[in-house]
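Sequence positions, counted from 1, serve as the residue numbers for this chain.
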Amino acid sequence: MSKFENVSVTKQANVYFDGKCVSYSLELADGTKKSVGVIQPSSLTFGTAAPEVMELVAGEAKVTLAGSTETVTYRAGESFSIPGDSSFDIEVVDTMHYICHYG
């Protein structure tokens with residue numbers, strides 16, 4: 001999917017980690033919620049409330065899920081899943097553009 005149709009966008013950006021991560025919240029006509037954003041090269045830890053799927057549109061990142069010792073590298077066109085009520089460490093190697101699918 002290269003674009004979303006019939007979507008509402010929250011005007012205020014979500015800015016995390018001193019601007020290293022900036023995203024916008026979207027809601028599709030069917031009520032599905034997503035966010036789209038960019039993470040600059042950095043090492044960060046994110047927490048999740050609901051399950052998420054992070055889809056990389058561009059860039060590269062090394063990801064370690066909570067409770068795992070395995071670090072996996074993801075690139076544009078790939079995605080990874082994070083359970084709800086969890087966290088993950090991410091080292092962004094090359095500026096990452098992403099879509100986060102919730103639920």
Side-chain angles (χ1 to χ4, degrees):
M1 175 185 300
S2 61
K3 67 179 181 174
F4 295 114
E5 300 287 345
N6 301 318
V7 63
S8 297
V9 179
T10 303
K11 291 180 182 180
Q12 182 68 40
N14 305 303
V15 181
Y16 305 100
F17 304 105
D18 296 323
K20 291 180 180 83
C21 177
V22 178
S23 69
Y24 287 88
S25 299
L26 310 176
E27 186 171 341
L28 281 65
D30 67 0
T32 301
K33 296 182 190 248
K34 302 182 183 299
S35 62
V36 295
V38 174
I39 304 175
Q40 299 296 326
S42 55
S43 293
L44 308 170
T45 299
F46 286 90
T48 63
E52 300 178 5
V53 174
M54 292 287 288
E55 175 187 347
L56 278 72
V57 176
E60 180 179 327
K62 297 176 183 178
V63 177
T64 306
L65 298 177
S68 176
T69 57
E70 179 183 12
T71 300
V72 180
T73 299
Y74 295 94
R75 294 176 181 84
E78 298 178 326
S79 62
F80 60 95
S81 298
I82 310 101
D85 297 318
S86 188
S87 65
F88 63 98
D89 295 326
I90 186 166
E91 179 187 349
V92 176
V93 178
D94 184 22
T95 300
M96 184 179 116
H97 300 245
Y98 69 90
I99 302 169
C100 182
H101 307 267
Y102 298 102

key: Minimum heavy-atom distance between Ile82 and Ser87, given as atom pair plus value   = CG2-O, 4.3 Å

task = Calculate, to the nearest 0.5 Å, the distance between atoms NZ and CG belonging to Lys62 and Asp89 respectively.
result = 13.5 Å

ask   = Of Asn14, Val15, Val36, which is the lone residue that meets side chain to side chain contact (heavy atoms under 4.5 Å, CB included) with Ser23?
value = Asn14

query = Under a single-linkage definition using a 4.5 Å side-chain heavy-atom cutoff for Ile, Leu, Val, Met, Phe, Trp and Tyr, are Val9 and Ile99 assigned to the same hydrophobic cluster?
reply = yes

ask   = With hydrophobic residues grouped by side-chain heavy-atom distances under 4.5 Å, do Tyr16 and Tyr24 end up in a single group?
value = no

Cluster link Met96 to Val72, ILVMFWY, side chain under 4.5 Å = yes

Point-to-point distance, once rounded to the nearest 0.5 Å, from CD of Glu60 to CD of Glu91 = 9.5 Å

inquiry  = Using modelled atom types and a 3.5 Å cut-off, is there a donor and acceptor pairing between side-chain atoms of Ser86 and backbone atoms of Thr48?
reply    = no

ask   = What are the two closest non-hydrogen atoms of Asp30 and Thr32, and how far apart are they?
value = OD1-OG1, 2.6 Å

task = Calculate, to the nearest 0.5 Å, the distance between atoms OG and NZ belonging to Ser25 and Lys34 respectively.
result = 12.5 Å

request  = Can you tell me which residue pairs pass the ring pair (Phe, Tyr, Trp, His ring centres under 6.0 Å) test with a partner in residues 84-103, sequence neighbours excluded?
outcome  = Phe46-Phe88, Phe80-Phe88

Spacing of OG belonging to Ser79 relative to CD belonging to Glu52, to within rounding of 0.5 Å = 12.5 Å

query = Can you tell me how far CE of Met54 sits from OG of Ser35, rounded to the nearest 0.5 angstrom?
reply = 7.0 Å

key: Verify same cluster id: Val53, Leu56 (apolar side-chain graph, 4.5 Å)   = no

request  = State, to 0.1 Å, how close Pro41 and Thr95 come at their nearest heavy-atom pair, and which atoms those are.
outcome  = CD-OG1, 3.4 Å

Thr64 and Thr71 side chains, donor-acceptor separation under 3.5 Å = yes

message = Could you measure the distance from the CD1 atom of Ile39 to the CD1 atom of Ile90? Nearest 0.5 Å is fine.
response = 4.5 Å

ask   = Going hydrophobic residue to hydrophobic residue with side-chain gaps under 4.5 angstrom, can you get from Leu44 over to Val63?
value = yes

